[in-house]
Q: 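Provided herewith is a single structure, encoded as structure tokens, for subsequent inquiry.
Naming: A, B, ... by sequence-line order, numbering from 1 per chain. Values reported hereafter were calculated over all heavy atoms of this structure, with side chains retained and with hydrogens, waters and symmetry mates removed.
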Amino acid sequence: MQGDISFFEKVYAVVREIPPGRITTYGAIAKYLATAGSARMVGWAMNQAHGCCPFVPAHRVVNRLGLLTGKHHFGHPGAMQELLEAEGIVVKNDQVMDFARLFWDPATELRL
DNA sequence: AAGGTGACAGTTT
DNA sequence: TAAACTGCCACCT
């Protein structure tokens, strides 16, 4: 929104770096931003993500349980699951299957 | 300027 | 064993 690079922009940047078919958690992003305690902030950043111009693959961000907690914030509930399935991610009962295998940790993958 | 909010995470009862 | 509570930090009104 503002030209200033806020915490949200950092979150968006990391989320946009998530490879297709992969997912990450709020805590992982928060930790990568050196604000592990602000995992809630990451979630809230996603709340504004839908208004961000470059599309933010928020559907690739789930809680550490692999649950699509924020699916209700998408245009239509289920859209998040469809987006994940479109990338080859299996979602069952709002839960990501093989979560640990598809998990993409920016602090590990992106920091190299 | 101050208070309230939030798509979590970790700990405890 | 499962469920509930608190802590947390940055943004918004």
Side-chain angles (χ1 to χ4, degrees):
Chain A
M1 297 186 279
Q2 295 81 354
D4 300 329
I5 309 227
S6 58
F7 182 84
F8 284 23
E9 293 296 330
K10 292 183 180 180
V11 175
Y12 300 151
V14 175
V15 175
R16 273 178 276 163
E17 292 299 322
I18 300 174
R22 289 297 194 91
I23 52 178
T24 189
T25 66
Y26 303 96
I29 297 172
K31 184 176 182 179
Y32 176 73
L33 297 176
T35 54
S38 61
R40 309 176 99 193
M41 247 303 83
V42 178
W44 196 20
M46 299 289 92
N47 192 359
Q48 295 291 314
H50 76 89
C52 190
C53 188
F55 178 68
V56 180
H59 58 275
R60 295 178 188 159
V61 183
V62 297
N63 64 353
R64 82 179 201 77
L65 298 178
L67 297 175
L68 282 56
T69 53
K71 72 171 186 177
H72 201 43
H73 283 255
F74 278 72
H76 173 76
M80 185 174 182
Q81 181 173 343
E82 291 180 1
L83 287 169
L84 290 171
E85 291 178 345
E87 295 186 354
I89 299 174
V90 180
V91 180
K92 187 75 171 182
N93 191 14
D94 298 339
Q95 183 176 9
V96 177
M97 299 286 96
D98 294 334
F99 169 71
R101 188 171 67 86
L102 297 173
F103 177 67
W104 181 83
D105 186 357
T108 302
E109 303 290 338
L110 191 65
R111 181 176 292 189
L112 299 180

Q: If we only count heavy atoms from C-beta on, is the A/M41 to A/T35 side-chain gap below 4.5 Å?
A: no
Q: Would you say A/T69 places a side-chain N or O within less than 4.0 Å of OP1 or OP2 belonging to B/dC8?
A: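 Answer is yes, contact under 4.0 Å.
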Q: Please tell me which of the listed nucleotides, B/dA9, C/dA10, B/dA7, lies nearest to the side chain of A/A58?
A: B/dA7
Q: In this structure, how many angstroms lie between the C1' atom of B/dA7 and the NE2 atom of A/H76, rounded?
A: 17 Å
Q: Record whether the side chain of A/R64 comes under 3.5 Å of the base of B/dC8 through a donor-acceptor pair of N or O atoms.
A: no
Q: In whole Å, what is the span from the CG atom of A/N63 to the P atom of B/dG10?
A: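 From A/N63 CG to B/dG10 P: 11 Å.
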Q: For the side chain to side chain contact (heavy atoms under 4.5 Å, CB included) test, which of A/I23, A/T24, A/V11, A/L68 pairs with A/V61?
A: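 It is A/T24; the other options fail the test.
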Q: Kindly point out which of C/dC11, B/dA7, B/dA9 is positioned nearest to the side chain of A/F74?
A: B/dA7
Q: Quick check for you: among B/dC8, B/dA9, C/dA10, whose closest atom lies nearest to any side-chain atom of A/T25?
A: B/dA9
Q: Any sub-3.5 Å donor-acceptor pair from A/D98's side-chain atoms to A/L102's backbone N or O?
A: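 Absent.
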Q: Quickly work out the A/F8 CZ to B/dA7 P distance and round it to whole Å.
A: 11 Å
Q: How long is the line joining NZ of A/K31 and P of C/dC8, in whole Å?
A: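 Rounding to the nearest Å, NZ of A/K31 and P of C/dC8 are 18 Å apart.
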Q: Which sits closer to the 5' end of DNA chain B, A/A28 or A/S38, going by the nucleotide each is nearest to?
A: A/S38
Q: Please tell me if the side chains of A/C52 and A/F8 come closer than 4.5 Å, counting only heavy atoms from C-beta onward.
A: no
Q: What closest approach, in Å, do A/V15 and A/P57 show between heavy atoms, and which atom pair accounts for it?
A: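 Residues A/V15 and A/P57, closest heavy atoms: O-CG, 3.3 Å.
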Q: Distance check needed: C/dC11 P versus A/W44 CH2, whole Å only.
A: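 Distance, rounded to whole Å: 9 Å.
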Q: Just the rounded figure in Å: distance from P of C/dC11 to OH of A/Y26.
A: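 Checked: the OH to P distance equals 18 Å.
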Q: Figure out the CE/P separation between A/M46 and B/dA7, and round it to whole Å.
A: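 For the pair A/M46 CE and B/dA7 P, the rounded distance is 12 Å.
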Q: Does A/G37 or A/F7 map to a spot on DNA chain C nearer the 5' end, using the closest nucleotide for each?
A: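 Checking each residue's closest nucleotide, the 5'-ward one belongs to A/G37.
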Q: Starting at atom CZ of A/R40, determine the distance to atom P of C/dT6, rounded to an integer number of angstrom.
A: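 So the two atoms are 12 Å apart, to the nearest Å.
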Q: Taking any heavy-atom pair under 4.0 Å as a contact, classify A/N47: base, sugar-phosphate, or nothing.
A: base
